[in-house]
2 protein chains.
Amino acid sequence: MAETKKSNLALVAARAGVSVASVSRVLNGGSASEQLAKRVREAADELGYVPDASARTMRTGRTDQITLAVADVGNPVYVQMMRTVTGIVAKAGYRLVVSSTGADPKDQIDLVRSLNRGYADGLLISPLRITPDLVEALSASRLPIVVIGTLPPEVELDNVRADSATGIGLAVEHLIAQGRRRIALVNGPVDTVPGSARLAGHRAALERFGLAASDELEVTATGFTYRAGHRATARLLAQAEPDAIIGANDLLAVGALKELAAAGRRVPEDVAVVGMDDTDAAELATPSLTSVDLGSAKRAKAAAKLLIRRIEDPDAPVVRQVIAPALSVRESTVPEAPRA
Amino acid sequence: MAETKKSNLALVAARAGVSVASVSRVLNGGSASEQLAKRVREAADELGYVPDASARTMRTGRTDQITLAVADVGNPVYVQMMRTVTGIVAKAGYRLVVSSTGADPKDQIDLVRSLNRGYADGLLISPLRITPDLVEALSASRLPIVVIGTLPPEVELDNVRADSATGIGLAVEHLIAQGRRRIALVNGPVDTVPGSARLAGHRAALERFGLAASDELEVTATGFTYRAGHRATARLLAQAEPDAIIGANDLLAVGALKELAAAGRRVPEDVAVVGMDDTDAAELATPSLTSVDLGSAKRAKAAAKLLIRRIEDPDAPVVRQVIAPALSVRESTVPEAPRA
DNA sequence: CTGTTAGCGCATTCAG
DNA sequence: CTGAATGCGCTAACAG
């Protein structure tokens, strides 16, 4: 092999002294005599023949590619999803391509549109913000799509989502069991899917356990990042005296940890801290971070399977799945937590 | 718009009462009368026309896509690269697709082969392990490729690499200035590009500053991960009494931080710790981590620009660039380090 | 300025 | 079992 010239079926056919049809058959596992097959394979090898993806796609309508669209490749929760999805789709014979869209719904809409050009056989998308325009673009798309995240109920798309409310409930329950009463929330932007869910969940959980929700105990960071959590926690400490802080994700919670240390508060003695998503960052943190596992790996896995099913059976009924949360208790809420 | 049927140029042409060529021209910015253009755009809109990527690619030979291949999407250093590269390629009119290959060179070889099918116009690749097979596949590829990382000198490929040796020298110099003398290395696998470079760099730096290199002060983790660093540091502490530890990347260094805390050593008082890559993880760590910035963002940027240049001018001379390292000093080496 | 036409490389009828 | 011929949707000559 390793001729460096670009090759094609016709060249291979000529070299093997057979027709292009036969070459195509041999190379795609069709029936052919052993002798002919051998000649074809040798010729293909000698010419370094590689089939052209676009030609095959044009002919078959398939790309054997699945796109995963996430807002931020740096967010550990998406990293978990990427890792999970890669394996599932590979096993089903698809290649995964990851597309980092940024947080702006407009970019996601552009992506959906461009995917309709036939870059992929299906799309997994986890939107940070769900706007009517995005829903419209998603619904109008001819491409099989599975949405990871909460969608308006009337949207007829497969989707699998987390249960933030129950998850925050788990955190609040745990904190109350530790004797905490002033449980603050360091949230991300409330115009995002997770942001709004977590705010509502926090209020509901406090109410359910008979604690008064107060505006003082809720601060909103400018993003779901470490730095934003750092700054938001500083604001929180300036206006209230919490004995526990829930970060809307692990990065925000780590930011809170840092600010608490800088402010001279001990964790967990003075203030307990809980994160959400249970990513690697929770384990890396010092002290290690108790975190609500919202099942990102499970969600990704379920979503990938749904997508493959939908690609193979476009008329399958729409499925909506909810993944149950779980709590991973670590040092940031209990003094003598088990070592990871 | 938003007809849901799949459309094509012929349909649009028929609806607008013009030829397919005119439709193609209008939609691609060719010259046409305003009146005709308007009719075409209306028809395209009404039919929800979207051009087919594979057909266009087959015709033009271009995909307008660039692939970035990394071994592990979860590694912060690759995250930095992805972020940087996304912007550069977008500005040049390309879409970025990220491919997570895993650490096995075999998977990378498969990727290179599959890209020869025409999935992308160019490839940015940062291999963890460089085997002769991989070099062969890279060299034999017809696709424009830029390698991020060290390559054997005879390979005729554009590449931009870090200078680990100088970087470690910076770290050692800094530690010596802090009065440290038993400077250990928690390395990753030595059969990787960064692993071998860092080992050599460590030895060279110790020698240069007149310190004896000893096997006791070198441990090799099973991977470039937090957990591996944790375990390797435990082994290190069992066999030696270092007063400083250099992690071959930030994740390993954070693992060292954790193990030191568990072993009751104070950082930096008893043991100073330095990471490499200067990723977000260094800032998040407690105490925050002094880290050698090997210029991953700069490398990614330079590589992306080189690739775009090579795509546009396949005959341009081969370029090899080296990015100079820098040291970010934080709390893990100096008691009163500046707050981030 | 606009239309006709010829392939790009491939998988797939349909004949033989 | 094998070969000839067709067309997927598009762009770029080439004519008019």
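Quick note on labels: first sequence line is chain A, next is B, and so on, each numbered from 1.
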(request) For the pair B:Glu42 and B:Lys38, find out whether any cationic side-chain nitrogen is under 4.0 Å from an anionic carboxylate oxygen. (result) yes

Collect all protein-nucleotide pairs involving nucleotides 12-16 of chain C in which both atoms are nitrogen or oxygen and the distance is under 3.5 Å.
none

Decide whether [X] and [Y] meet the rule of one side-chain donor and one side-chain acceptor closer than 3.5 Å.
{"X": "A:Arg62", "Y": "A:Thr57", "answer": "no"}
{"X": "A:Asn159", "Y": "A:Arg299", "answer": "no"}
{"X": "B:Thr101", "Y": "B:Asp107", "answer": "no"}

Atom-to-atom span, [atom1] of [X] to [atom2] of [N] - whole angstrom:
{"X": "A:Leu9", "N": "D:dG3", "atom1": "CG", "atom2": "C1'", "result": "14 Å"}
{"X": "A:Asn116", "N": "D:dG9", "atom1": "CG", "atom2": "P", "result": "15 Å"}
{"X": "B:Gln35", "N": "C:dC1", "atom1": "CD", "atom2": "P", "result": "13 Å"}
{"X": "B:Arg56", "N": "C:dC8", "atom1": "CZ", "atom2": "P", "result": "19 Å"}
{"X": "B:Glu34", "N": "C:dC1", "atom1": "CD", "atom2": "P", "result": "11 Å"}
{"X": "B:Arg62", "N": "D:dG9", "atom1": "CZ", "atom2": "P", "result": "23 Å"}
{"X": "A:Tyr49", "N": "C:dA11", "atom1": "OH", "atom2": "C1'", "result": "10 Å"}
{"X": "B:Leu36", "N": "C:dG3", "atom1": "CG", "atom2": "C1'", "result": "11 Å"}

(request) Determine whether more than 12 heavy atoms belonging to other residues, nucleotides or ligands lie under 6.0 Å from atom CD of B:Gln35. (result) no

(message) Could you tell me if B:Arg83 sits above the aromatic ring of B:Tyr78, with its cationic atom closer than 6.0 Å to the ring centre and no more than 45 degrees from the axis?
(response) no

(request) Return no unless some side-chain N or O of A:Ser33 is found under 4.0 Å from OP1 or OP2 of D:dT2. (result) yes

(message) Taking only side-chain N and O atoms of A:Asn28, does any of them lie within less than 4.0 angstrom of OP1 or OP2 on C:dA11?
(response) yes

